[in-house]
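Note that the numbering runs from 1 along the sequence shown for the chain.
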Amino acid sequence: MIQLLKSKTGQLRVVAFLEGISLLVLVFIGMPFKYWLSNPMLVKTMGPIHGILFLLYVVSTIGVGVEQNWNFKTTTWKVLLASFIPFGTFYIDKKILREIK
């Protein structure tokens, strides 16, 4: 894990993992608690955390894209789009980010 934090791509992978987990917690745990159990506490807590992680993911993606000379039309937009889809960041990590040194 420490090895991942030594490169921008590794940092992006860590942020992608955390952003993906936070989205899953919001969608599959927080929202049911809020609307079915009338308990918005998890959404109020995780919402801002997810927002910060989302912004870090976007900034990190653009930074790594510039550093790695990614073509926006073939790579960068896919990595950015992944943050909007549950499980998307995990898929992108496996298909794109893991292969980058």
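When the side chains of ILVMFWY residues are joined at heavy-atom separations under 4.5 Å, either directly or via intervening members, Val27 and Val25 end up in a single hydrophobic cluster. Ile85 and Ile96 are not part of a single hydrophobic cluster, where members link through side-chain heavy atoms under 4.5 Å apart. Residues Met46 and Ile29 are members of one and the same hydrophobic cluster, defined by side-chain heavy-atom contacts under 4.5 angstrom among Ile, Leu, Val, Met, Phe, Trp and Tyr. Under the 4.5 Å side-chain contact rule for hydrophobic residues, Val15 and Ile52 share a cluster. Val58 and Leu56 are members of different hydrophobic clusters when ILVMFWY side chains are connected at heavy-atom separations under 4.5 Å.
Note: Gln68 CD to Thr61 OG1 = 12.0 Å, rounded to the nearest 0.5 Å. Taking NZ of Lys95 as the start and OG1 of Thr75 as the end, the distance is 14.5 Å to the nearest 0.5 Å. Here the OG atom belonging to Ser60 is positioned 10.5 Å from the CG atom belonging to Leu55, to the nearest 0.5 angstrom. Taking CD of Gln11 as the start and OG1 of Thr9 as the end, the distance is 9.0 Å to the nearest 0.5 Å. Taken from CG in Leu97 to OG1 in Thr89, the straight-line distance is 9.0 Å, to the nearest 0.5 Å. Taken to the nearest 0.5 Å, the CD atom of Glu19 stands 4.5 Å off from the NE2 atom of His50.
In this structure, Phe54 and Phe84 have perpendicular ring planes: the angle between them is above 60°, well past the 30° mark.
Between Phe90 and Leu24 there is a side-chain heavy-atom pair separated by less than 4.5 Å. Residues Pro86 and Phe28 meet the side-chain proximity criterion, which asks for heavy atoms closer than 4.5 Å.
Under the 3.5 Å distance criterion, the side-chain polar atoms of Tyr57 are left unmatched by any main-chain donor or acceptor of Phe17. Side chain of Lys78 to main chain of Thr74: a donor-acceptor pair is present (N/O by atom type, distance under 3.5 Å, no hydrogens or angles). Although no hydrogens or angles enter the test, the distance criterion places no donor-acceptor pair under 3.5 Å between the side chain of Trp36 and the main chain of Pro32.
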Stepwise side chain to side chain contact (heavy atoms under 4.5 Å, CB included) test for Leu42 and Lys34: CA-CA 8 Å; Leu42 188 58; Lys34 181 177 179 179; over 6 Å; no

Criterion side chain to side chain contact (heavy atoms under 4.5 Å, CB included) on Leu12 and Lys8, from CA distance to verdict: CA-CA 6 Å; Leu12 173 59; Lys8 287 192 186 250; over 6 Å; no

Intermediate values then yes/no, side chain to side chain contact (heavy atoms under 4.5 Å, CB included), Phe72 and Leu80: CA-CA 10 Å; Phe72 186 85; Leu80 289 172; 4.1 Å; yes

Residues Val43, Phe33; criterion side chain to side chain contact (heavy atoms under 4.5 Å, CB included); working and verdict: CA-CA 8 Å; Val43 172; Phe33 267 61; over 6 Å; no

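In terms of heavy-atom proximity, Leu53 sits nearest to Leu18 at CD1-O, 3.7 Å.
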